[in-house]
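What follows is a short report on a single structure.
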Amino acid sequence: MVDAEKARKPKGKKNKNTNLPEIDLKSLIFGAAAYAFFPLMAYQQNIDLLMAFAAIGPIYIGYKAKTSVKAVLLGIVGATPLLYLAFGGLLGSYGATEIADIIITITILGLGAIMAFLGAYLYRDRERAKEKYEAENGFKGTKNVPAQKPRFKKLEDTGDVKTNIRNLFLPSQKKKE
């Protein structure tokens, strides 16, 4: 009896709370790692050019987040490893005052949020461009498969054979009634 009751119940989703947003943990982890890795390597190896690649992390987080609010929040979360490295002294020494701590915290978290917002903006812009391209060229999807056009015209039965044949073979502007 118990097995039969279980079989009748529909299987539910893993996430039973529908208010929780879908978060791509892979992009959050890789983005946070990239945001912390490049400045650390730049400081350790004394190659300042690597600092520019740190922006890849939060932009990737924001691109995968897809919405602006979620991107900003995940950008702040993704910036915390870099904040940990900065306060741990792994990115060089700084004046350890309360004002310096606040400035560093706001700067690192703010940059993470701004770059993640940029990633979400790039995602929205790309989606708009894809929709526009598909609408102009009649392509659907990324494989450039032509959109299906109806093979046959719909023939409206007017009750008169001559009118039906005329509607079938003549263009719509030259139809006579």
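Note that these values count all heavy atoms, side chains included, but never hydrogens, waters or copies made by symmetry. Residue indices begin at 1 and follow the sequence shown.
- Residues satisfying the side chain to side chain contact (heavy atoms under 4.5 Å, CB included) test with Thr107, not counting sequence neighbours, are Ile103, Leu111.
- The cluster map of Ile, Leu, Val, Met, Phe, Trp and Tyr, joined by side-chain heavy atoms under 4.5 Å apart, puts Leu118 and Phe30 in different clusters.
- Other residues sharing a hydrophobic cluster with Ile106 under the 4.5 Å side-chain heavy-atom criterion for ILVMFWY residues are Ile102.
- For the pair Leu90 and Tyr43, the minimum side-chain heavy-atom distance is 4.5 Å or more.
- In this structure Phe37 satisfies the ring pair (Phe, Tyr, Trp, His ring centres under 6.0 Å) test with no other residue, sequence neighbours excluded.
- Looking at every heavy atom in both residues, Leu50 comes nearest to Ala42 through CB-CB, 3.8 Å.
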Show the atom names and distances, to 0.1 Å, of all donor-acceptor pairs under 3.5 Å that link a side chain in residues 77-86 to residues at least two apart or in another chain.
{"unit_1": "Thr80", "atom_1": "OG1", "unit_2": "Val77", "atom_2": "O", "d": "2.7"}

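- In this structure, Leu74 CG and Thr67 OG1 are separated by 8.0 Å, a value rounded to the nearest 0.5 Å.
- In the hydrophobic clustering, Val69 connects to Leu73, either directly or through intervening members, whenever side-chain heavy atoms lie under 4.5 Å apart.
- For Ala54, the side chain to side chain contact (heavy atoms under 4.5 Å, CB included) criterion is met by Tyr35, Phe38, Pro39, not counting sequence neighbours.
- Annotation: side-chain hydrogen bond (donor to acceptor under 3.5 Å, both in side chains) contacts of Ser68 (sequence neighbours excluded): Arg124.
- In this structure Tyr63 satisfies the ring pair (Phe, Tyr, Trp, His ring centres under 6.0 Å) test together with Tyr123, sequence neighbours excluded.
- Looking at residues two or more places apart in sequence or on another chain, you find a side chain to side chain contact (heavy atoms under 4.5 Å, CB included) between Ala100 and Tyr94, Thr97.
- Environment of OH in Tyr121: sparse, with no more than 12 heavy atoms of neighbouring residues, nucleotides or ligands closer than 6.0 Å.
- Two residues are said to be in side-chain contact when any heavy atoms from C-beta on lie closer than 4.5 Å; Ile114 and Phe117 fail this criterion.
- The line from CG of Asp24 to NZ of Lys70 is 8.5 Å long, rounded to the nearest 0.5 Å.
- Among pairs with a residue in residues 45-62, none fulfils side-chain hydrogen bond (donor to acceptor under 3.5 Å, both in side chains), at least two apart in sequence or across chains.
- When hydrophobic clusters are built by joining Ile, Leu, Val, Met, Phe, Trp and Tyr residues whose side-chain heavy atoms come closer than 4.5 Å, directly or via intermediates, Leu109 is grouped together with Leu91.
- Using a 4.0 Å cut-off between charged nitrogen and carboxylate oxygen, Lys130 and Glu127 count as a salt-bridge pair.
- For Leu49, the side chain to side chain contact (heavy atoms under 4.5 Å, CB included) partners are Ile47, not counting sequence neighbours.
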